[in-house]
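As structure tokens, the structure follows; a few thoughts come after it.
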Amino acid sequence: MSSDTLAKTSAAPDIPEQADSLRIVPQRRLGQWTAAVAVLVLLGLAGTSVVRNKAFQWGVVGDYFTSDSVLRGLWLTLWLTAVVMVLGFALGTLLAAARLSANPVLRSVSWGYVWLFRSIPILVQLLLWFNIGALYPELLGVKTVNLFTPIAVAIIGLTLHEAAYAAEVVRGGILSVDRGQIEAAQALGLSRWRRWWRIVLPQAMRSIVPPAGNMLIGTLKGTSIISVIAVQDLLFSVQLVYHRTYQVIPLLMVATIWYTVVTSVLGLGQYYVEKHYARGSERTR
């Protein structure tokens, strides 16, 4: 045995001892901890200020939080949000199908609709529909003042506005599905309905659900804008109260808390719906 081999053999037992003697020093993140402490201090100060500030009048907030007028306004807000989302996505799906069709007329009409209603602010749209009687005093022999009530104006204006965005959401979800899977379904002889229902839609929903959830929450909060046309939603209900009592801040806090509660519930529902459609993919969170 050579001298080099003997040297290597004699040095081998020392390696584990040297490894055991090494001390692992954790990386110091002084900046991160400092920022975290600063954020917690600021949050604590903000929370203390909100709780101890008498101008919020938390007792008044508790008195009106479940009052009949506020709950009626909340119910109208929830009902209107549901109706607008259902009608908006129904119309948006038709527009998306037209945009993806081979017919150039349908594609052009769909593109023009989306362009137009995304260009006009929702408040302007509501005011235009609210004053439609100035353009058309009668429609089909019925006075528009009787036909277009404030609730009808809110539903029409919000639905047409949401449909423009829903069309792009649905179109983007459909385009996210790999074309090869549709062709494979065609090769297997599946009907057009089964291809869309069993192949395209489940995969498209992975891309549709997140923006659709955001639209739902945005629509819920966006309904507050209909207070300008005297629809007694949640915001308008609290406005009626504080115009009478002059307790502006506590009544606005009532509306704020209700909007926060409902959007939190909707956000939780969105999480589970996303998790359901993410099954079988890498994105399960």
Side-chain angles (χ1 to χ4, degrees), residues 80-126 155-223 225 263-285:
L80 187 61
T81 300
V83 170
V84 168
M85 286 301 295
V86 171
L87 296 179
F89 263 89
L91 179 56
T93 302
L94 294 177
L95 291 169
R99 185 78 179 274
L100 295 173
S101 71
N103 191 315
V105 175
L106 294 179
R107 289 202 310 269
S108 300
V109 171
S110 176
W111 180 88
Y113 179 97
V114 173
W115 165 77
L116 179 63
F117 283 93
R118 288 201 306 180
S119 301
I120 305 174
I122 181 60
L123 179 57
V124 177
Q125 294 183 43
L126 288 175
I155 293 175
I156 293 172
L158 292 175
T159 297
L160 295 178
H161 178 78
E162 291 299 315
Y165 290 90
E168 292 299 282
V169 169
V170 174
R171 186 174 70 91
I174 294 174
L175 291 177
S176 68
V177 179
D178 189 358
R179 180 67 185 176
Q181 300 199 32
I182 302 176
E183 295 174 352
Q186 289 176 332
L188 291 174
L190 296 179
S191 64
R192 184 180 182 86
W193 170 253
R194 287 180 63 84
R195 289 200 304 269
W196 279 96
W197 184 253
R198 304 292 296 179
I199 305 297
V200 177
L201 185 61
Q203 297 181 73
M205 289 298 289
R206 297 175 184 173
S207 300
I208 292 174
V209 169
N214 292 334
M215 285 182 59
L216 175 60
I217 294 174
T219 301
L220 173 73
K221 296 184 296 183
T223 55
I225 202 171
T263 54
S264 299
V265 173
L266 293 178
L268 183 63
Q270 177 186 348
Y271 168 77
Y272 284 107
V273 174
E274 288 184 20
K275 189 175 181 180
H276 170 76
Y277 283 105
R279 292 179 304 175
S281 66
E282 297 180 355
R283 298 178 300 170
T284 56
R285 293 186 179 181

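A donor-acceptor distance shorter than 3.5 angstrom exists from the side chain of T223 to the backbone of L220, with no hydrogens or angles considered. Between the side chain of Y165 and the backbone N or O of G92 there is no donor-acceptor pair closer than 3.5 Å. With hydrogens and angles ignored, the 3.5 Å screen pairs a side-chain donor or acceptor of R107 with a backbone N or O of A102.
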CA sep, side-chain torsions, deciding dist, call: L160, L91, side-chain contact (heavy atoms from CB on, under 4.5 Å): CA-CA 8 Å; L160 295 178; L91 179 56; 4.1 Å; yes

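Nearest heavy atom pair, residue G173 against residue A204, reads O-CB, 3.3 Å. Closest non-hydrogen pair, M205 versus P210, comes out as O-CD, 4.4 Å. Pairing each heavy atom of N103 with each of V105, the nearest pair is OD1-N, 2.8 Å. Scanning all heavy atoms of the two residues, the minimum distance from A163 to Y113 falls at CB-OH, 3.7 Å. Pairing each heavy atom of L95 with each of S110, the nearest pair is O-OG, 2.7 Å. Heavy atoms only, all atoms of each residue included: P211 and V169 are closest at CG-CG1, 3.7 Å.
Proximity of Q270 to L216: side-chain heavy atoms (C-beta onward) are nowhere separated by under 4.5 Å.
Atom CD in E162 sits 12.5 Å away from atom CZ in F117 (nearest 0.5 Å).
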